[in-house]
2 protein chains.
Amino acid sequence: MAENTDRAGRSASQTVKALLELRELILGGELRPGDRISELAIVERLGVSRTPVRTALVRLAEEGFIEEIPSGGFAVKGFSERDVFDAIDLRGLLEGMAARLAAERSLSAGDLAPIRDVLAATDALIAEAGDNEEFFSGYVALNGRFHEMLWALSDSPVVVRQIERVSALPFASHNGFVMAQSAAGEARTILAVAQDQHRCVVDAIEAREGARAEALMREHARLASRNLRTVLRNRTRMDLVKGGSLIR
Amino acid sequence: MAENTDRAGRSASQTVKALLELRELILGGELRPGDRISELAIVERLGVSRTPVRTALVRLAEEGFIEEIPSGGFAVKGFSERDVFDAIDLRGLLEGMAARLAAERSLSAGDLAPIRDVLAATDALIAEAGDNEEFFSGYVALNGRFHEMLWALSDSPVVVRQIERVSALPFASHNGFVMAQSAAGEARTILAVAQDQHRCVVDAIEAREGARAEALMREHARLASRNLRTVLRNRTRMDLVKGGSLIR
DNA sequence: TATTTCAATAATGTATACATAATGAATACA
DNA sequence: TGTATTCATTATGTATACATTATTGAAATA
């Protein structure tokens with residue numbers, strides 16, 4: 001049972017193992033849209049019995065990666081280009097609500113300090129670093145921290161839960177197109193705009209400008225839409241988009 | 001296996017049976033927030049083996065009615081009053097997006113005819129009927145038809161899916177407080193306002209006024225918030241709210 | 001050659017057995 | 001009397017066996 005452990009080193013359940021590995025198989029493109037998922041094939045492949053595989057399949061269906069076949073079993077789901085645009089828009093809408101709530105609900109004095117730290121760290125990263133892949137993976141981490149902290153500022157479990165659901169589709173998430181964008185010439189410009197939007201949202205929250213905070217996050221998601229449009233024009237960079245194989 | 005059939009008379013799976021009955025147990029208040037759900041107790045109660053019960057529990061967890069206990073198993077989830085307000089707000093936001101998409105995406109000529117039929121039928125119902133319970137259950141049906149048709153007009157599976165997820169919590173759904181409202185004096189007024197909003201949304205969609213359609217649906221959800229506030233002031237009508245026992 | 005039928009095969013849905021981890025009660029001890 | 005510890009009980013996670021339903025392929029017929 002050596003490799004059957006989670007990141008913290010604790011032994012992970014077979015169900016979690018099946019869930020993670022199945023998700024990778026789907027997102028990595030080994031299981032293609034429309035493919036029926038044979039439980040026994042997965043059992044052989046993952047070395048886990050049918051029960052946890054089944055549980056993982058139910059979870060993945062709820063997450064939106066697969067769908068029930070009327071005659072039984074599951075098949076990998078595919079997404080139209082418009083589906084992806086809609087999902088990104090949806091995320092902007094929900095993150096906009098989170099930002100508005102953060103602005104409307106009175107915060108204690110120091111509540112914005114941590115997210116401002118992330119802003120500063122991102123500034124430093126952009127100022128210092130070059131164009132290499134290390135830079136972009138650093139950005140991905142900071143960007144993720146920013147978004148998750150913003151969600152938390154809404155202080156609304158219901159909203160956070162909903163955002164997480166939409167963001168489960170990786171191409172709809174806040175980091176969905178960062179790596180693809182990294183290979184584009186306009187990358188630095190878009191990054192600068194994104195960072196400015198981040199800062200403006202925090203300012204708006206601090207100033208209790210709910211409507212502005214909401215509008216900013218909705219527009220912020222449009223950056224992802226633009227990246228998506230670019231990638232769709234020339235699909236060569238699509239393999240940098242996690243789950244890109246699900247987009248038809 | 002006589003009673004193990006769905007509404008259409010076909011034999012339903014044990015999993016579906018477990019899902020439906022468990023949902024009823026939770027929404028009906030027989031399983032209270034914080035209660036741990038013992039699989040074996042459910043097995044005895046529903047006459048179904050552990051496997052389908054387990055599948056149903058995973059589904060219910062994804063729907064948001066129950067949550068995983070760190071030490072294993074599931075417990076019934078509770079919702080704060082603010083959670084419920086947030087969920088209603090969220091629904092308004094998402095239905096607003098659906099309305100906006102409907103307005104923005106060019107519709108064929110007759111696409112709005114069916115939803116206008118529902119408007120007309122609701123007009124007729126309001127004009128003719130009294131205050132009895134039959135009237136309100138008729139209204140619930142027509143109201144449900146209206147909302148579902150509106151979702152469909154967005155022509156966006158991703159958005160519809162998300163709306164359905166939020167509306168899975170019955171007190172966040174479009175019919176969540178209609179029955180509770182029926183016992184209030186101001187019921188007719190609120191109904192008239194709601195119907196006017198419905199009509200205005202359809203008009204806005206026809207006129208391609210996306211922003212207006214969105215704003216109207218967001219405000220429309222506020223009617224539910226107001227009903228919720230009324231019910232919370234005097235909890236005697238809370239038993240008319242499905243799942244009201246989950247609100248602490 | 002295309003189509004339909006039928007049988008063999010495989011897949012899913014369900015039940016259940018087993019192992020391990022968690023809970024609670026009773027007892028020993030301070 | 002209160003607290004800690006041990007042990008019995010129970011619950012969950014997992015594997016697997018079984019029955020029923022779907023699917024595939026071959027053979028027969030038009």
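Keep in mind that what you see is a predicted model, and the values were worked out from it rather than measured. Lettering of chains follows the sequences in order, A, B, ..., and the numbering in each one begins at 1.
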J.: For side chain to side chain donor-acceptor pair (under 3.5 Å), just list the numbers for His147(A) and Glu95(A), CA-CA rounded to whole Å, side-chain angles, deciding distance to a tenth of an Å, and then say yes or no.
T.: CA-CA 8 Å; His147(A) 281 263; Glu95(A) 291 195 314; 2.9 Å; yes
J.: Ile37(A) has an atom CD1; how far is it from atom C1' of dA10(C), in whole Å?
T.: 17 Å
J.: Can you check the Glu44(A) CD to dA10(C) C1' distance for me, whole Å?
T.: 13 Å
J.: Nearest-Å distance, CD (Glu39(B)) to C1' (dT14(D))?
T.: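 To the nearest whole Å, that distance equals 12 Å.
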J.: How many whole angstroms separate atom CD1 of Ile42(A) from atom P of dA11(C)?
T.: 12 Å
J.: Would you kindly give the CZ-to-C1' distance between Phe74(A) and dA11(C), to the nearest whole Å?
T.: 13 Å
J.: Please state how far atom CD in Glu68(A) lies from atom P in dA22(D), giving the value in whole angstrom units.
T.: 14 Å
J.: In terms of side-chain heavy atoms of Val48(B), which of dT12(C), dA15(C), dT12(D) is nearest?
T.: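 Ranking dT12(C), dA15(C), dT12(D) by closest atom to the Val48(B) side chain puts dA15(C) first.
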J.: DNA chain C: Gly72(B) or Arg50(A), which has the more 5' nearest nucleotide?
T.: Arg50(A)
J.: Should Arg100(B) and Asp89(A) count as an ion pair when the cut-off is N to O under 4.0 Å?
T.: yes
J.: With heavy atoms under 4.0 Å as the rule, sort Thr15(B) into base, sugar-phosphate or nothing.
T.: sugar-phosphate
J.: Where does the angle between the aromatic ring planes of Trp151(B) and His174(B) fall among parallel (under 30°), tilted (30 to 60°) and perpendicular (over 60°)?
T.: perpendicular
J.: Whole angstrom is fine here: how far is it from CD in Gln14(A) over to P in dT12(D)?
T.: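 Between P of dT12(D) and CD of Gln14(A): 19 Å.
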J.: Please determine, for the side chain of Arg36(A), which listed nucleotide (dA11(D), dA11(C), dT14(D)) has the closest atom?
T.: dA11(C)
J.: Rounded to the Å, how far apart are Lys17(B) NZ and dA15(C) C1'?
T.: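 For the pair Lys17(B) NZ and dA15(C) C1', the rounded distance is 14 Å.
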J.: So, are Glu104(A) and Arg82(B) salt-bridged, with charged N and O less than 4.0 Å apart?
T.: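 Salt bridge absent between Glu104(A) and Arg82(B).
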J.: Tell me which of Thr51(A) and Ser71(A) sits closer to the 5' end of DNA chain D, going by the nucleotide each one is nearest to.
T.: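 So the residue in question is Thr51(A).
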